[in-house]
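Worksheet: the structure to be examined is printed underneath.
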Amino acid sequence: MKAFLQRFGALVAGVLQGFDRLVFRGRLTHLYFPDGMHKFFALNGIRREDFKIYVAGVTKKIMESSLVEHAKKLRCFRYLPSTKIDKDETAREIAAKHDVKEGLVCVLQCVEPCWTFDLKQGPWPNPVIRGEPGRCSQFYHYYIHPKFGWMYVRLQTWFPFEIQVGLNGREWLARQMDQEKLRYRRSDNKFLHVANWQRAQQLFDEQLQTDWVTELDKLQQQVHPLHPGHLGRMPVKYNWTVFQSEWATDLAFRSQEVLQPWFDRWLRQAFLTFDSPEVLRFFGRTLLSPRRHPRVKTTLYNYFEGKRIKHWLDHNSLKLYTFANVLRPETTINNADEIRILRPPADDPEGKPGWQRLRRTVADLPERARFSQQANERYLEALATTAETRTVKELAEPLTRRVPEPGDKPGKKLRHVRALNPLATEDAALLIAISDPKWMVNGLRNRDLVAVLYTTGTRDHQERRRRSARVTRLLRLLRAHELLEKIPQSHRYQVTPGARTRIQAMLACHNANPDQLITNAA
């Protein structure tokens, strides 16, 4: 994002980055094992033949204890006959009707698909309890929480009593700023103006320090106070995971009139040039050694609120849209198993970091935030290169002069490397090679550049050494011109953020014909 703000900082009033929508799931994981329910029934001395009678009794007790009667007395209980009815909209209508400012807003009941258990005939004569997709009543408890603001907790009323919690980081931030009497202007979940952007970001960062297990356990006790008593001799705790997360980077421009012309340009450029390798790079992936072929899809929508572009990588997505004067890139993680992060193994916290799967547990929420922010920043940096206003002369001229060699120490005789000629075939091929998006995540090595510049392989040892030595000199040349930088503690190199625009501009001139140049000049 540094490159983006260097270019457009004068147009941006403030930046906020943090979670938008967060959805947690709580599960009694011990019951999900193949013999989990059999163990539960055995520990509590219940016959499998009495399964339906027993679980129906437990369900009745849960429904009685889950604030349903309290909601009915307050006339804020409603049964929804269809899953297509918007529950959030219904709850907000009830809140407005009863002028609810804090606490329980309503309880909504709806029969929905779920994962549940049922008694099936197994090897005669013993029946078995099997998990399977089914349908049961779900209770949605909507709250205006004193800390989180507008939120809901969904309770499944049949075994295994799964819980889902949905809240919004921006709603939470508004509560934090209200407590500090920090003035702001808000529309839905976007902040159009904040009196102190820096302090607002500090409050946003504090959300990542939350003890989520404690907070979610408190919410569970509100809607499901019978737990864990109804489990008898198997009082297991809920295991909390992140089902879905949205991390948004909001850049508030000084006005909508300033933002809109730029956004139209970025939208067109993103749709035309952000191909599959580029989308993979945004998500920290490459095509160098894929385990399988990823599914990449880009869609462009034009709603009455405005336009939006969305890039899908398997089940996760990255989108860009505007609302009033706010530009928002947003990373949504629906499946953490498809994401790799650099961390030590789970069973060896002090071990050597390696590429591991992002865990769904709430313990990895800071890692999830870091990954999502990096994806947003890569996207913004790519947008920054498409809106270059400097001339090709300004971009290319520094590269056409000799410059000091990198790594020279003070007191030593200063050595220089040659200038670059982007119109020469050899230098143009070098620039094309290093600008390939597949190197932009993990970087490139000497052997990678050798493979690109020399299309025919060789078994001759002397020839291989000659090629490697030449590429070493070329890498030194590119580092001297600040087109490449070395990745610390590795033998890899990456294109510097400021170099991408220069490389694209020079390659565009290399490939342009005189008619195009004359037409553009006119």
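Numbering starts at 1 and runs along the sequence shown.
At a threshold of 4.0 Å, the pair R92-D88 counts as salt-bridged, since one of the basic side-chain nitrogens sits closer than that to a carboxylate oxygen. A salt bridge does not link E367 to R343: none of the charged side-chain nitrogens sits closer than 4.0 Å to a carboxylate oxygen. Contact check on E330 versus K310 returns no salt bridge, with no Lys/Arg side-chain nitrogen under 4.0 Å from an Asp/Glu carboxylate oxygen. Between D448 and R445 there is a salt bridge, with a side-chain nitrogen of the basic residue lying less than 4.0 Å from a carboxylate oxygen of the acidic one. Between R378 and E381, no side-chain nitrogen of the basic residue sits less than 4.0 Å from a carboxylate oxygen of the acidic one, so the salt-bridge criterion is not met.
In this pair, F8 and W266 present their aromatic rings perpendicular. The plane angle is above 60°, beyond the 30 to 60° band. Below 30°, between 30° and 60°, or above 60°: for F371 and F283 the angle between ring planes is between 30° and 60°, a tilted geometry. Ring orientation note: the planes of Y142 and Y152 are tilted relative to one another, at an angle of 30° to 60°. Aromatic ring orientation, H224 versus Y238: perpendicular (interplanar angle above 60°, classes split at 30° and 60°).
Taking the six-membered ring wherever Trp is involved, the centroid distance between the rings of F117 and W158 does not fall below 6.0 Å.
Expressed to the nearest 0.5 Å, how far CZ of R175 lies from CD of E102 amounts to 5.5 Å. Atom CZ of F159 is separated from atom SG of C114 by 13.0 Å, given to the nearest 0.5 angstrom. Distance check: D337 CG to R360 CZ gives 5.0 Å after rounding to the nearest 0.5 Å. In this structure, CG in N168 is found 4.5 Å from CG in D20, a value given to the nearest 0.5 Å. Separating the CG atom in L380 from the CZ atom in F282 is a distance of 9.5 Å, to the nearest 0.5 Å.
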- Message: Does Q373 form a side-chain hydrogen bond (donor to acceptor under 3.5 Å, both in side chains) with R370? I'd like the steps, not just the answer.
- Response: CA-CA 5 Å; Q373 179 60 25; R370 189 176 298 111; over 6 Å; no
- Task: Could you go through the side-chain hydrogen bond (donor to acceptor under 3.5 Å, both in side chains) check for T83 and E112 one step at a time?
- Result: CA-CA 7 Å; T83 57; E112 294 181 335; over 6 Å; no
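Between the side chain of Q201 and the backbone N or O of Q17 there is at least one donor-acceptor pair closer than 3.5 Å. Between the R254 side chain and the A10 main chain, a donor and an acceptor come within less than 3.5 Å of each other. A side-chain donor-acceptor contact under 3.5 Å links Q207 to the backbone of G169. The backbone N or O of T157 lies less than 3.5 Å from no partner atom in the side chain of S137, so there is not a single donor-acceptor pair. Not a single donor-acceptor pair under 3.5 Å links the side chain of R479 to the backbone N or O of P406.
C136 places none of its side-chain heavy atoms less than 4.5 Å from the side chain of T116. In this structure, I341 and D364 have side chains that are in contact, with non-hydrogen atoms separated by less than 4.5 Å.
Side-chain atoms of D217 and Q221 form no donor-acceptor pair, as typed in the model, at a separation below 3.5 Å.
Partner of R328 under the side-chain hydrogen bond (donor to acceptor under 3.5 Å, both in side chains) criterion, chosen from T249, N376, D250: D250. A side-chain hydrogen bond (donor to acceptor under 3.5 Å, both in side chains) with Y379 is found for exactly one of K319, H311, R281, Q374, namely H311.
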